[in-house]
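The block underneath contains the structure these notes are about, expressed in structure tokens.
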Protein chains: 2
Amino acid sequence: MRYSSRRQLILDTLRSCTNHPTAEELYTMVRKQMPSISLGTVYRNLNVLVDSDEIRKFEPPGQIKARYDAKREEHAHLVCRECNTVYDLNLPEVSSIDEEVEKITGFCTEQRDIVLNGVCRSCRDLLRNQRTAL
Amino acid sequence: MRYSSRRQLILDTLRSCTNHPTAEELYTMVRKQMPSISLGTVYRNLNVLVDSDEIRKFEPPGQIKARYDAKREEHAHLVCRECNTVYDLNLPEVSSIDEEVEKITGFCTEQRDIVLNGVCRSCRDLLRNQRTAL
DNA sequence: ATAGCTGCAAAATGTTTGCGCGAAA
DNA sequence: TTTCGCGCAAACATTTTGCAGCTAT
């Protein structure tokens, strides 16, 4: 795996993120350090990094744009339907179902996408206040 | 909720499917009974049915087209990376983690998307045979 | 009459790709 | 000298939408 200056910058930038930026958000961040970079290059390198398992692509159900995640440990995502924020959640015991699934169905799991959709705490509080204000 | 002839036909057609058709696949099926229907109408009615919780939209990670599902009971999806088939899998005890999640994070889960990516049995067998044939 | 539904075609959107050029191994 | 990566812009694919007419209430 070769790392051009752009590929390295994109990877480093994503690693510095605690949230899960879209390609365009990353493009905006990266351009601050390398103004000549193009959006196509960001997409191309993100795809390369995904294919080599360096990062993960995440397509939140109900949102159009893909998001990217430098965290490689197994974890689930919480997606707030109000603010669209994506939170991480560790679910240590989840991969234990793979064996059971294979025994029953013959399906060999390689990777899991576990998404909980709902409302995060701060949005829940906001909604509650709006209601009492009426 | 009012049901036009097209909306009803789209819903009935989807209910008759054991797999998880895309909008275009449904369009093809529906046109056999109603050749004048348009693809836009299929999309519009699918959105209405999703919004009213009559059906579920499912966007398999790594596939571009959305798929639709008339089954309303909670279930997970197995997506084969070889043939792209989407299988259903019942996971009865899954919703029990919601309380735990809310206690820890304050996130209130309303709906779960659980996808296992891997290789289904028939594709696994195919791959195995190809390898021994070499 | 009024609200909702439809076909059609155009638009919108996120992502990919072809090309010619330049940099790196 | 050959492979890879780049910027740019055009292409692509799925889905949405504006419009004008129609259907049912």
Side-chain angles (χ1 to χ4, degrees), chain A residues 1-14 17 19-52 54-69 77 79 84 86 113 115, chain B residues 1-14 17 19-52 54-69 79 84 86 113:
Chain A
M1 178 66 161
R2 272 162 60 181
Y3 281 89
S4 68
S5 61
R6 288 140 226 254
R7 186 168 303 163
Q8 191 65 56
L9 176 58
I10 289 165
L11 179 56
D12 291 343
T13 306
L14 182 56
C17 292
N19 58 345
H20 304 74
T22 63
E24 211 155 2
E25 286 167 352
L26 263 168
Y27 174 54
T28 303
M29 300 171 79
V30 157
R31 246 192 319 180
K32 288 177 185 157
Q33 294 197 46
M34 193 183 274
S36 64
I37 201 172
S38 75
L39 181 58
T41 294
V42 173
Y43 273 108
R44 252 187 297 234
N45 280 296
L46 286 171
N47 285 341
V48 171
L49 291 166
V50 167
D51 288 345
S52 64
E54 206 69 33
I55 64 173
R56 290 262 322 252
K57 185 180 188 176
F58 170 53
E59 294 156 286
Q63 294 183 31
I64 306 160
K65 302 183 188 175
R67 294 174 173 275
Y68 295 87
D69 194 338
H77 287 129
V79 181
N84 282 341
V86 178
D113 281 289
V115 185
Chain B
M1 180 67 160
R2 274 161 62 180
Y3 282 89
S4 68
S5 62
R6 290 143 225 248
R7 185 167 305 163
Q8 190 65 56
L9 176 58
I10 290 165
L11 179 56
D12 291 343
T13 305
L14 182 56
C17 292
N19 58 348
H20 304 75
T22 64
E24 210 154 6
E25 285 167 351
L26 263 168
Y27 174 55
T28 303
M29 301 173 79
V30 156
R31 246 191 319 180
K32 288 177 185 158
Q33 292 197 46
M34 194 183 273
S36 65
I37 200 171
S38 74
L39 181 57
T41 294
V42 173
Y43 273 108
R44 252 188 297 235
N45 280 296
L46 286 171
N47 284 340
V48 171
L49 291 166
V50 167
D51 289 344
S52 63
E54 205 71 34
I55 65 172
R56 290 260 324 250
K57 185 179 188 175
F58 171 52
E59 294 156 288
Q63 293 183 32
I64 306 159
K65 302 184 189 176
R67 295 175 173 274
Y68 295 87
D69 193 338
V79 181
N84 281 341
V86 178
D113 281 288

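Throughout, protein chains are lettered first and strands after them, A, B, ... in sequence-line order, and every chain is numbered starting at 1.
The side chain of K65(B) approaches dT14(D) more closely than any other nucleotide in the set dC6(D), dG5(D), dT14(D).
As a whole-Å value, the separation of R7(A) CZ from dC6(D) P is 6 Å. Taking atom CG on D51(B) and atom C1' on dT16(D), their separation rounds to 13 Å, with Å as the unit. One interatomic measurement links the two molecules: CG of L9(A) to P of dG7(D), which rounds to 11 Å at whole-angstrom precision. Straight-line distance from the CE atom of M34(A) to the P atom of dC6(D): 8 Å, rounded to whole Å. Between the CD1 atom of I37(A) and the C1' atom of dC6(D) there is a distance of 9 Å, given to the nearest Å. Remark: P of dT15(D) and NZ of K57(B) are 7 Å apart, rounded to the nearest angstrom. Nucleotide dG5(D) holds its P atom 11 Å from the OH atom of Y3(A), rounded to whole Å.
Applying the 4.0 Å criterion to OP1 and OP2 of dC6(D), one finds that R6(A) has a side-chain N or O inside that range.
Here CZ of R56(B) is found 14.0 Å from CG of L49(B). Values are rounded to the nearest 0.5 Å. N47(B) contributes atom CG, which lies 8.5 Å from atom CD1 of I55(B) (distance to the nearest 0.5 angstrom). Separating the OG atom in S4(B) from the CD1 atom in I10(B) is a distance of 7.0 Å, to the nearest 0.5 Å. Here the straight-line distance linking atom CD of E59(A) with atom NE2 of H77(A) works out to 12.0 Å at 0.5 Å rounding.
Reading DNA chain C from its 5' end, the first and the last nucleotide to sit under 4.0 Å from a heavy atom of chain A are dG14(C) to dG18(C).
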All N/O donor-acceptor pairs, side-chain side in residues 21-32 of chain B, below 3.5 Å, sequence neighbours left out:
| residue | atom | partner | partner atom | Å |
| --- | --- | --- | --- | --- |
| T22(B) | OG1 | E25(B) | N | 3.2 |
| E25(B) | OE1 | T22(B) | N | 2.9 |
| T28(B) | OG1 | E24(B) | O | 3.1 |

Per-pair distances, 0.1 Å, donor-acceptor, side chain in residues 39-46 of chain B, under 3.5 Å, sequence neighbours excluded:
| residue | atom | partner | partner atom | Å |
| --- | --- | --- | --- | --- |
| T41(B) | OG1 | S38(B) | OG | 3.1 |
| N45(B) | OD1 | R7(B) | NE | 2.7 |
| N45(B) | OD1 | R7(B) | NH2 | 3.2 |
| N45(B) | ND2 | T41(B) | O | 3.0 |

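For the segment residues 21-32 of chain B, no residue has any heavy atom less than 4.0 angstrom from an atom of DNA chain D.
Here the shortest heavy-atom pairing between A66(A) and K57(A) reads CB-CE, 3.7 Å.
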Grab the N/O contacts between the protein and nucleotides 23-25 of chain D below 3.5 Å, and write none if there aren't any.
none

What does the list of N/O pairs under 3.5 Å between the protein and nucleotides 17-19 of chain D look like, with a distance for each?
| residue | atom | partner | partner atom | Å |
| --- | --- | --- | --- | --- |
| dG18(D) | O6 | R44(B) | NH1 | 3.4 |

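H20(B) places no side-chain N or O within 3.5 Å of a backbone atom of R67(B) that could act as its donor or acceptor partner.
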